[in-house]
4 protein chains.
Amino acid sequence: MRSSGGTKAKAKAKAGSGARWRRRKDARPSEIAAAALECFAERGFAACSLDDIAARAGVSKGTLYLYFRNKEELFKAVVRQALLPRIALFEEKAAATDPAPRQLERFISAWPALIAAPHLGAIPKLMIAEAGNFPELARFYLEEVIGRARSLIIGIIRRGIERGELRRVDPEAAFFSVVAPLLIAVLWKQTFERQDKQALDVEALCRTHLAILLRGLAQDAKR
Amino acid sequence: MRSSGGTKAKAKAKAGSGARWRRRKDARPSEIAAAALECFAERGFAACSLDDIAARAGVSKGTLYLYFRNKEELFKAVVRQALLPRIALFEEKAAATDPAPRQLERFISAWPALIAAPHLGAIPKLMIAEAGNFPELARFYLEEVIGRARSLIIGIIRRGIERGELRRVDPEAAFFSVVAPLLIAVLWKQTFERQDKQALDVEALCRTHLAILLRGLAQDAKR
Amino acid sequence: MRSSGGTKAKAKAKAGSGARWRRRKDARPSEIAAAALECFAERGFAACSLDDIAARAGVSKGTLYLYFRNKEELFKAVVRQALLPRIALFEEKAAATDPAPRQLERFISAWPALIAAPHLGAIPKLMIAEAGNFPELARFYLEEVIGRARSLIIGIIRRGIERGELRRVDPEAAFFSVVAPLLIAVLWKQTFERQDKQALDVEALCRTHLAILLRGLAQDAKR
Amino acid sequence: MRSSGGTKAKAKAKAGSGARWRRRKDARPSEIAAAALECFAERGFAACSLDDIAARAGVSKGTLYLYFRNKEELFKAVVRQALLPRIALFEEKAAATDPAPRQLERFISAWPALIAAPHLGAIPKLMIAEAGNFPELARFYLEEVIGRARSLIIGIIRRGIERGELRRVDPEAAFFSVVAPLLIAVLWKQTFERQDKQALDVEALCRTHLAILLRGLAQDAKR
DNA sequence: GATGAATGAGATTTCATTCAT
DNA sequence: GATGAATGAAATCTCATTCAT
């Protein structure tokens with residue numbers, strides 16, 4: 001978030017000499033952010049000290065402040081950075097012209113792989129824990145992440161109903177039926193697997209979820 | 001700002017009859033627990049100071065230590081006390097001999113009323129946020145709450161399949177399909193309604209969830 | 001500044017038992033303020049650490065925060081408290097009906113005793129050093145201290161001129177001629193005596209100042 | 001915010017002729033000193049960070065250390081450099097053979113112009129604020145600046161008395177009567193004008209001061 | 001010579017916990 | 001039992017100083 005434009009320009013200019021150091025410098029913010037996300041995910045915002053984060057990132061405490069104004073800004077930056085690259089992905093798939101059931105299947109089947117990305121899985125948990133303390137961030141998440149997912153899913157359902165592919169349900173409410181098991185899967189992994197190794201079979205969960213969902217939404221066989 | 005109002009009220013109570021004071025005294029632990037739960041739910045364990053809790057409970061900070069060994073014990077006690085009375089309720093309904101769809105319907109329809117209870121709704125959120133920091137508590141929750149709910153639901157599904165009331169699905173995985181939308185509803189209320197007043201229509205959600213679920217689990221129509 | 005009203009009421013109520021402790025508590029803020037003023041006077045606001053102040057006041061660092069919200073508030077409170085009791089004194093002498101030269105004499109002669117008071121002498125130095133960093137405090141000092149002194153002195157001079165006791169001068173500008181040597185005396189003591197023991201004979205300074213001033217302001221001998 | 005403007009300007013200079021750069025390089029220390037003096041004057045020694053100074057001087061923080069061993073040395077150098085050129089001026093006027101009143105008049109009349117020099121005005125304020133933390137510097141100031149001024153003024157007064165131009169007063173004490181209003185004028189400008197725009201009419205102040213002083217010191221009209 | 005990223009010591013501030021009353 | 005003043009350990013944050021480039 002800080003000084004990115006200027007330094008890049010200079011890096012190009014100097015090119016040869018200080019390349020390694022420069023690359024290091026450019027990498028610092030994301031190294032720190034990664035360490036911080038890990039730490040926040042494990043212990044929560046408040047319980048995670050800057051000492052921990054600094055140590056995990058392999059820098060001194062003071063260095064954190066070169067890149068983030070304070071702990072809260074670090075947290076917000078970390079969450080935003082974890083989300084931003086993914087937000088775009090949502091949209092591009094939205095316009096698909098496949099039948100609704102096929103689209104839902106694609107969406108749900110992709111989940112196990114998506115969840116495996118370590119950075120992303122922690123976000124919902126952090127949002128649930130800290131929404132009250134970071135209202136601004138909560139609003140961002142609500143609009144940019146949940147809002148988009150919601151539009152996407154509701155669009156699929158609504159078009160499915162119009163085309164007669166799905167039976168008539170309240171699309172708003174059905175959104176929760178579609179995503180809830182997926183979210184619970186992420187939360188479960190972050191909450192209970194961390195310590196007790198209560199492994200959850202996400203594949204099976206998604207398979208069963210999809211089966212029940214598609215049947216549940218299916219148009220009554222020719223009647 | 002420093003809890004003046006509360007203490008004055010107490011001073012008055014003290015002056016009154018011994019009986020009222022006695023009742024008050026016996027109530028102290030649960031009053032404190034209630035205040036603590038409220039506070040923890042709003043801000044999380046670490047961000048919630050004992051000053052806040054004491055002020056909210058209308059007692060002095062020192063008094064907290066008469067009833068709870070330290071902040072962690074207070075947290076654990078608070079969570080346990082919120083859960084214990086509910087745990088028994090689960091079991092008694094488990095033996096029901098109703099058909100599986102009817103049992104699921106009863107379970108899901110009861111949800112809106114259940115999560116209106118202010119104390120209970122905060123627990124899942126707190127568990128998600130703090131499981132990592134309170135492994136012992138997480139284990140308790142996993143076994144005594146989730147475990148029981150799981151046995152109950154899985155039992156219903158399994159018997160439903162055996163009796164031919166439900167079609168054949170993986171009961172373990174179906175458990176998530178049953179409870180996920182319900183949990184997400186609680187979490188949503190705790191996470192986003194607090195500030196943005198993004199009111200969620202839990203009734204509609206449950207109705208739609210039930211409709212989809214029962215269809216999704218239904219045995220193929222007479223074949 | 002904090003919680004004074006409530007505690008006093010209670011102190012009366014409890015009266016007997018906790019007298020010593022209570023007296024201690026009531027005394028704390030001024031003990032701390034005294035230590036802080038000493039420390040600030042010696043080293044300046046920024047160079048004086050809360051560790052120093054706490055040690056000098058014989059309390060722990062945390063205790064400072066029971067009575068003052070932060071270091072800046074402590075500073076402001078310390079300056080204000082050192083000034084407030086003195087401000088009233090100014091006014092009462094203002095209405096005097098003595099001849100102007102006599103009034104000036106009384107004012108200037110009182111100075112050596114006034115600046116012997118250790119608490120008061122440090123204030124002008126601190127104001128000069130920190131006015132830029134504490135604009136609000138500077139305004140308070142300007143209005144409540146300098147402003148009053150100014151009105152007083154200008155009033156004396158103006159009336160003196162009207163009555164023909166003093167010759168005609170610009171009262172605004174003459175104010176500085178009256179007070180400047182007195183202020184410089186205080187500043188000198190705070191600035192150079194502290195270390196080099198360059199003792200300044202304030203009595204002689206005031207005597208000479210008065211002699212020159214009264215002659216300088218005297219009406220031309222009957223002409 | 002981070003001194004981008006300054007560095008760009010320099011980059012351009014670097015590209016130009018060697019001569020200009022050279023001149024720039026030689027000027028560095030005094031540019032830095034000027035920036036530092038400004039900054040110290042505004043906020044005081046401790047409250048003024050090297051970041052501020054570097055930014056104001058248009059150099060990087062590291063560069064400061066090429067010219068000054070550390071912050072304290074920078075401060076001392078800055079004060080000394082502001083004073084040194086002026087010290088010589090004092091002496092040369094000391095030997096004047098004018099009558100004492102005329103010499104005092106010249107001295108005091110020169111003050112408004114002297115004060116206007118921005119660099120010089122800050123020194124007394126800084127000395128008052130920091131004498132306790134820089135005893136060595138205080139001694140230097142006491143001897144080289146105040147001491148010289150004192151010798152000068154006392155010499156004038158003493159010779160004035162001897163020649164019968166002034167009446168008999170304690171020259172040591174009279175020194176304060178001469179300089180105090182002038183010093184207070186500087187201090188006032190540095191302390192209160194900075195923010196509240198409480199403009200002080202230094203000309204009027206000096207005029208009135210001179211009038212009172214000369215009358216106050218004047219030999220009794222032939223009696 | 002000049003830079004500015006990095007450091008770590010030290011500052012302020014918070015808060016769970018204790019204990020005299 | 002109840003209080004709340006006091007503590008001190010630990011947290012966040014700042015900044016003078018260093019040093020690889």
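Just so you know, these numbers come straight off a predicted model, no measurement behind them.
At least one donor-acceptor pair closer than 3.5 Å links the side chain of K71(C) to the backbone N or O of F45(C). In terms of modelled atom types and a separation under 3.5 Å, the side chain of K125(C) and the main chain of A41(C) share a donor-acceptor contact. Between the side chain of D52(B) and the main chain of S49(B), a donor-acceptor pair closer than 3.5 Å is present.
For the pair F68(D) CZ and dT18(F) P, the interatomic distance rounds to 16 Å; values are reported in whole Å. Atom CZ of R69(B) and atom P of dT18(E) are 10 Å apart (whole Å). Atom CG of D51(C) and atom P of dT13(E) are 12 Å apart (whole Å). Distance, D52(D) CG to dT17(F) P: 15 Å, rounded to whole Å. In this structure, the CD atom of E73(A) is 14 Å from the C1' atom of dT12(F), given to the nearest Å. At whole-Å resolution of the value, CG in L64(D) and C1' in dG1(E) are 14 Å apart. As a whole-Å value, the separation of L66(C) CG from dA16(E) P is 14 Å.
Screening V79(B), L74(B), I123(B) for a side chain to side chain contact (heavy atoms under 4.5 Å, CB included) with L37(B), the sole residue that qualifies is I123(B).
Distances shorter than 4.0 Å separate none of the side-chain N or O atoms of T63(D) from OP1 or OP2 on dA2(E). Phosphate contact (OP1/OP2 of dA16(F), side-chain N/O of K71(D), threshold under 4.0 Å): present. Taking only side-chain nitrogens and oxygens, Y65(C) never comes nearer than 4.0 Å to OP1 or OP2 of dC15(E). Phosphate contact (OP1/OP2 of dA6(E), side-chain N/O of Y67(A), threshold under 4.0 Å): present. OP1 or OP2 of dA6(E) has at least one side-chain nitrogen or oxygen of R28(A) nearer than 4.0 Å.
Contact annotation: side chain of K61(B) to base of dT17(E), donor-acceptor pair present below 3.5 Å.
Each of S49(C) and S49(B) was matched to the nucleotide of DNA chain E holding its nearest heavy atom; the match closer to the 5' end belongs to S49(C). Heavy-atom distances to DNA chain F give each of C48(A) and C48(D) a nearest nucleotide, and the one nearer the 5′ end belongs to C48(A). The residue among N70(A) and E72(D) whose nearest nucleotide of DNA chain F is located toward the 5' end is N70(A).
Base pairing analysis places dT21(F) opposite dA2(E); the two distances defining the Watson-Crick or G-U wobble pair are each below 3.5 Å.
You'll find that the side chain of L50(A) is closest to dC13(F), out of dA6(E), dC13(F), dT17(E).
Under the 30°/60° scheme for interplanar angles, the aromatic rings of F75(D) and F40(D) are found to stand perpendicular.
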